[in-house]
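A short worksheet on the structure shown next.
Letters go in sequence order (proteins before strands), and every chain restarts at 1.
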2 protein chains.
Amino acid sequence: MEPHHKEPGDPAQDDPVPGDPAPGPTPYERAQRKGQEALRRALLDAASGLLLEEGPGALTMRRVAGAVGCSTTVLYTMFGGKEGLADALYRDGFERLRRRLEAVDGDPGPQARLGALAHAYRDSALAERGYYGVMFQQAIPRFQPSPGSLAVAGASLEVLTQAVGAAMAAGVLRPGDPRAVAEVLWAAVHGAVSLELAGHFPDPGVALDRFQTLASAAILPFLPEPPTQRRR
Amino acid sequence: MEPHHKEPGDPAQDDPVPGDPAPGPTPYERAQRKGQEALRRALLDAASGLLLEEGPGALTMRRVAGAVGCSTTVLYTMFGGKEGLADALYRDGFERLRRRLEAVDGDPGPQARLGALAHAYRDSALAERGYYGVMFQQAIPRFQPSPGSLAVAGASLEVLTQAVGAAMAAGVLRPGDPRAVAEVLWAAVHGAVSLELAGHFPDPGVALDRFQTLASAAILPFLPEPPTQRRR
DNA sequence: CCGCCAGAATAACGTTGTTATTGATGGATC
DNA sequence: GATCCATCAATAACAACGTTATTCTGGCGG
């Protein structure tokens with residue numbers, strides 16, 4: 001008796017005819033889904049606008065519904081609740097991050113590209129604080145990303161992983177697991193940005209310095225010819 | 001006509017007799033304050049229990065008041081609102097962190113002490129997730145720490161700064177600004193812990209590996225005799 | 001002993017997420 | 001083509017939340 005809201009990768013789990021082979025979605029379903037997808041996009045755009053302009057605190061079911069001119073019932077049939085809406089925004093936020101990272105060109109070589117990706121990460125977080133709050137701080141009280149959304153989030157780091165792989169292929173980094181290196185770099189830039197956004201580096205110059213210092217340090221263990229690596 | 005709630009370092013800003021010299025708090029006020037301070041401690045303990053056992057979502061004015069057996073009015077006269085309560089918990093959380101960091105002994109030398117402090121930071125975050133949510137994620141929707149509380153938070157890192165200073169004095173680290181080095185180390189361990197708590201490192205072994213790798217890397221730029229430091 | 005007042009209990013208000021109820025709309029069936 | 005039915009949306013309600021206006025109480029000065 002659970003209110004079955006539409007899930008993206010869940011095609012017709014309750015088909016009306018049990019013995020039907022069900023060869024994909026009916027054209028009717030396809031048309032209907034098109035409309036639903038447009039509606040979904042409109043709802044997500046409205047929520048995104050609220051999130052970017054007024055922050056996560058303004059993300060209210062009534063306000064989102066009012067922004068698109070419908071009732072809150074639509075939000076519940078579409079997303080199943082505020083957690084579902086937050087989950088969609090979570091995915092959307094990592095999608096935005098991925099696009100920003102992909103927009104970084106790798107002209108000046110693999111090493112400079114890693115630095116540029118790091119700065120793109122910081123710029124993204126500073127520019128879209130609302131999304132950052134949904135993605136990393138739990139700005140929506142009861143929300144925690146579903147495992148699938150967590151996987152989507154990790155996939156957004158694929159561009160960083162590939163850049164690390166390219167750097168390894170170019171001999172700029174020592175051969176190894178690109179994913180592991182990318183995760184360490186991610187943690188480094190994320191930590192610096194997180195403390196900056198939390199207000200612990202009020203001076204932007206200081207924040208940038210800490211960011212660059214840490215980002216530069218994070219790749220040191222992966223450079224070739226490790227110079228007198230010490231145990232701690 | 002703002003509701004003047006009690007602030008810790010604000011002794012009697014509205015003295016009843018304007019022409020009075022007011023040589024400190026009256027004994028009556030002192031006794032009353034003693035009672036108020038005990039009440040404040042009880043309220044904070046109740047809030048802390050809710051926070052640690054059920055998470056920030058259970059931090060409700062009514063629940064906190066119910067846990068100590070009083071009405072919500074007491075919370076408003078004491079803290080001025082939920083933001084004030086969150087601010088007190090914020091300070092309390094950094095106080096707890098400071099105590100945990102001070103509990104690490106520096107027997108095996110300054111360098112091992114830095115590693116032990118890093119692990120203590122991680123252990124603290126993993127053990128008291130509720131406080132971590134209040135301190136770094138904004139788990140309480142409308143709350144943002146006051147400048148004074150931010151300063152208290154930074155002061156909790158003093159133990160790390162002093163450990164860095166000791167390492168510099170011992171020649172383990174290159175001479176420099178201990179505070180800057182401590183902030184970089186803080187950002188490193190915080191980033192790894194933040195991603196772990198967000199669920200991006202589901203395997204605890206992987207999480208520990210990323211943490212150690214990044215923590216070790218973060219001090220590399222500050223070691224003496226920088227080996228072929230490269231620009232990025 | 002009376003009057004007074006700081007502070008707490010009670011109950012209310014507005015807002016939030018959520019849902020039960022009702023109403024409309026559009027294809028399926030005879 | 002008319003009727004039935006299923007699905008979705010609008011309305012309004014409910015519970016819980018933060019907050020506050022109102023009422024009550026308990027201890028002090030006169």
Just checking, any donor-acceptor pair under 3.5 angstrom between side chains of B:Arg91 and B:Ser149?
yes
Rounded to whole Å, the CZ-P distance (A:Phe79 to D:dA9) equals 12 Å
Can I get a per-line list of side-chain donor-acceptor pairs under 3.5 Å for residues 198-209 of chain A, giving both atom names and the distance, sequence neighbours left out?
| from | atom 1 | to | atom 2 | distance (Å) |
| --- | --- | --- | --- | --- |
| A:Asp203 | OD1 | A:Gly205 | N | 2.9 |

Contacts table for residues 43-51 of chain A: side-chain donor-acceptor under 3.5 angstrom, sequence neighbours left out:
| from | atom 1 | to | atom 2 | distance (Å) |
| --- | --- | --- | --- | --- |
| A:Ser48 | OG | A:Arg96 | NH2 | 3.2 |
| A:Ser48 | OG | A:Tyr131 | OH | 2.7 |

Any B:Thr73 side-chain N or O less than 4.0 Å from OP1/OP2 of D:dT20:
no
Protein within reach of the bases, or only the backbone? For nucleotides 12-18 of chain C, mark each nucleotide 5' to 3' as B, S or -, using heavy atoms under 4.0 Å.
B---BBB
Within 6.0 angstrom of A:Gln144 CD, more than 12 heavy atoms from elsewhere
no
From CD of A:Gln36 over to C1' of D:dT7, roughly how many Å is that when rounded to an integer?
10 Å
Round to the nearest Å and state the distance from B:Ile140 atom CD1 to D:dG18 atom C1'.
13 Å
In whole angstroms, how far is the C1' atom of D:dG18 from the CZ atom of B:Phe143?
16 Å
Parallel, tilted or perpendicular for B:Tyr121 and B:Phe136, by the 30°/60° rule?
tilted
Starting at CZ of A:Arg142 and ending at P of D:dA16, how long is that distance when rounded to a whole Å?
13 Å
Whole angstroms only, please: what is the CE-C1' distance between B:Met78 and C:dG7?
11 Å
Kindly give the heavy-atom pair with the smallest separation between A:Leu160 and A:Ala182, and that separation in Å.
CD2-O, 3.6 Å
